[in-house]
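Working notes, beginning with the structure itself.
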There are 2 protein chains.
Amino acid sequence: MSTTTRWLDDEEQRAWRAWIDLNAQLSARLNRELQAASGLSIADYEILVALTDRDVPDRTLRMYELGERLQWEKSRVSKQVSRMEARGLVERRHCADDRRGAFVDLTEAGQAAIDAAAPGHVALVRELFFEGLSADQVRSLGRFATTVLGRLAD
Amino acid sequence: MSTTTRWLDDEEQRAWRAWIDLNAQLSARLNRELQAASGLSIADYEILVALTDRDVPDRTLRMYELGERLQWEKSRVSKQVSRMEARGLVERRHCADDRRGAFVDLTEAGQAAIDAAAPGHVALVRELFFEGLSADQVRSLGRFATTVLGRLAD
DNA sequence: GATCGATCGTTGCCATGTCAACTACTCTCC
DNA sequence: GGAGAGTAGTTGACATGGCAACGATCGATC
């Protein structure tokens, strides 16, 4: 075991703090504005996007597929779907093939909600995050994030 | 009002998803490991760091100062401090000057907890985040985060 | 076709966060 | 020195998230 710790130097300290603060504030802001503009939370939005990514007329996914795509715990998926079902955004449907399983279907109301919410949300992401970034910077940001993400998967 | 939305192109899409996923997974991982190794949550850790940053023997801050430094809602500070006080990590103390106010003091146990937790946490941050980044990359990452942070403050 | 481990989904318990309302105090200004 | 606005902190209601335990079912294997 080591006896000394290699602390973060000033530059690293600054970068790390800025990173942490940015994430906290960016997600808080996106959540707040999305909520105010459309009554959806980020969690709602992510579920709806996952369902909408399916080709028409298959706006449906198994619970476990939702969990895999979003990298969510199964209990998290289950609870989120319950809340959204209560608001009419999605519906659960029994699965005939696998009697343990359940499908989650996008409803008309859910489709309408995501259609209404998406343009404003994307515009805000653009304004807050991509504004002033060159294509090169976007690419290298993406590369960096993907690299770290890869390390996390191990 | 505009009739068309400028959606994210593929490159932006990728960068944005990677960013979102990275933050979700990185904070989950840091939280999990910190919790397992030291019994502290990230929230605990941040409060303790803020208090430790004060010069000895002033390991104390007003509630509202904690809120300003961490950019937390006051109710969030209040509840976090309550939980930590129950575990003996900090103590509340009445403020004589301003009788509405309260100080939060770091306890011996709190000091010991942060001392025990910090080396492992920093090592993990290094391993997961800074690994393989050049000084230049650290600097430009910091600049980017600071820029966006600035936009968020408006 | 019975058994046993793996998988799917739900639930309860608890920690965390936000928002709004509330109490108690301080400060400003007349 | 008192009214009214603002500030410090707490609380309650509610949404969210993780973890572990559970019931039901599936599937591989003998």
Side-chain angles (χ1 to χ4, degrees), chain A residues 20 23-36 38-47 60-87 89-105, chain B residues 20 23-36 38-47 60-87 89-105:
Chain A
I20 295 297
N23 284 319
Q25 295 194 36
L26 185 55
S27 60
R29 174 78 177 274
L30 290 174
N31 206 19
R32 207 165 345 108
E33 305 248 347
L34 183 61
Q35 188 74 58
S38 65
L40 296 178
S41 67
I42 292 290
D44 298 330
Y45 190 88
E46 297 220 61
I47 295 270
T60 189
L61 281 171
R62 286 285 298 270
M63 297 286 295
Y64 79 94
E65 289 178 306
L66 269 173
E68 282 171 4
R69 292 186 186 222
L70 302 178
Q71 290 288 289
W72 284 10
E73 299 246 331
K74 52 192 181 170
S75 69
R76 184 177 174 187
V77 177
S78 180
K79 289 174 194 181
Q80 186 64 37
V81 166
S82 294
R83 284 188 295 263
M84 292 176 71
E85 190 172 27
R87 289 187 291 145
L89 298 171
V90 298
E91 267 171 10
R92 273 190 178 80
R93 181 162 46 81
H94 287 300
C95 175
D97 295 351
D98 183 340
R99 293 174 45 208
R100 295 167 302 183
F103 284 108
V104 183
D105 296 355
Chain B
I20 295 297
N23 284 319
Q25 295 194 37
L26 185 56
S27 60
R29 174 78 176 273
L30 289 174
N31 206 20
R32 206 163 349 105
E33 305 248 346
L34 183 61
Q35 187 75 57
S38 66
L40 297 177
S41 67
I42 292 289
D44 297 330
Y45 190 89
E46 297 221 62
I47 294 271
T60 190
L61 281 171
R62 286 286 298 270
M63 297 286 294
Y64 79 94
E65 289 178 306
L66 270 173
E68 282 172 3
R69 293 185 185 223
L70 302 178
Q71 290 288 291
W72 283 10
E73 299 243 334
K74 53 191 182 172
S75 69
R76 184 177 174 188
V77 177
S78 180
K79 288 174 189 180
Q80 186 63 38
V81 166
S82 294
R83 285 188 295 262
M84 293 176 72
E85 190 173 27
R87 290 187 291 146
L89 298 171
V90 297
E91 267 170 12
R92 275 189 178 81
R93 182 163 45 81
H94 288 299
C95 176
D97 295 350
D98 184 341
R99 295 175 45 207
R100 295 166 303 183
F103 285 107
V104 182
D105 297 355

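- Along DNA chain C, the nucleotide closest to B/D97 and the one closest to B/W72 are compared, and the more 5′ of them pairs with B/W72.
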CA sep, side-chain torsions, deciding dist, call: B/L40, B/L89, side chain to side chain contact (heavy atoms under 4.5 Å, CB included): CA-CA 10 Å; B/L40 297 177; B/L89 298 171; 3.9 Å; yes
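- With no hydrogens or angles considered, a side-chain donor-acceptor pair links B/R83 and B/Q80 at under 3.5 Å.
- For residues 61-76 of chain B, every residue pair satisfying the salt bridge (Lys or Arg N to Asp or Glu O under 4.0 Å) rule, not counting sequence neighbours, is listed here: B/R62-B/D98.
- Counting any heavy atom pair closer than 4.0 Å across all strands shown, A/S75 reaches a base atom.
- The distance between atom CG of A/L30 and atom P of D/dT16, rounded to the nearest whole Å, is 16 Å.
- The nearest heavy atom of DNA chain C to A/A28 and to A/S78 marks one nucleotide each, and the one closer to the 5' end goes with A/S78.
- We find that CD of B/Q80 is positioned 13 Å from P of D/dT10, with the value rounded to whole Å.
- Taking both residues in full, the closest heavy atoms of B/E46 and B/L70 are given as O-CD2, 4.0 Å, listed atom of the first, atom of the second, then distance.
- Whole-Å rounding puts the B/E73 CD to D/dT11 C1' distance at 14 Å.
- Atoms CZ (B/R76) and P (D/dT11) sit 18 Å apart, rounded to a whole Å.
- With values rounded to the nearest 0.5 angstrom, B/E85 atom CD is found 10.0 Å from B/S78 atom OG.
- Mapping heavy-atom proximity under 4.0 Å, the span of DNA chain C touched by chain B runs 5' to 3' from C/dT16 to C/dT26.
- Atom CH2 of A/W72 sits about 12.5 Å away from atom NZ of A/K79, to the nearest 0.5 Å.
- Nucleic acid contact for A/R92: sugar-phosphate only, since backbone atoms but no base atoms lie under 4.0 Å from a heavy atom of the residue.
- The side-chain heavy atoms of A/S41 and A/L34, taken from C-beta on, include no pair separated by under 4.5 Å.
- The CZ atom of A/R99 sits 14 Å away from the C1' atom of D/dG23 (whole-angstrom rounding).
- Between the side chain of B/K79 and the base of D/dG12, a donor-acceptor pair under 3.5 Å is found.
- With rounding to the nearest 0.5 angstrom, the CD1 atom of B/I47 is 5.5 Å from the CE atom of B/M84.
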Identify all pairs in which a protein N or O lies below 3.5 Å from an N or O of nucleotides 6-8 of chain D, and state each distance.
from  : atom 1 : to     : atom 2 : distance (Å)
D/dG6 : N2     : B/R100 : NH1    : 2.9
D/dT7 : O2     : B/R100 : NH1    : 2.4
D/dA8 : O3'    : B/R62  : NH2    : 3.2

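- At distances below 3.5 Å, not a single donor-acceptor pair connects side-chain atoms of A/D105 with backbone N or O atoms of A/E91.
- Look at CD on B/E33: it is 15 Å from P on D/dG18, rounded to the nearest Å.
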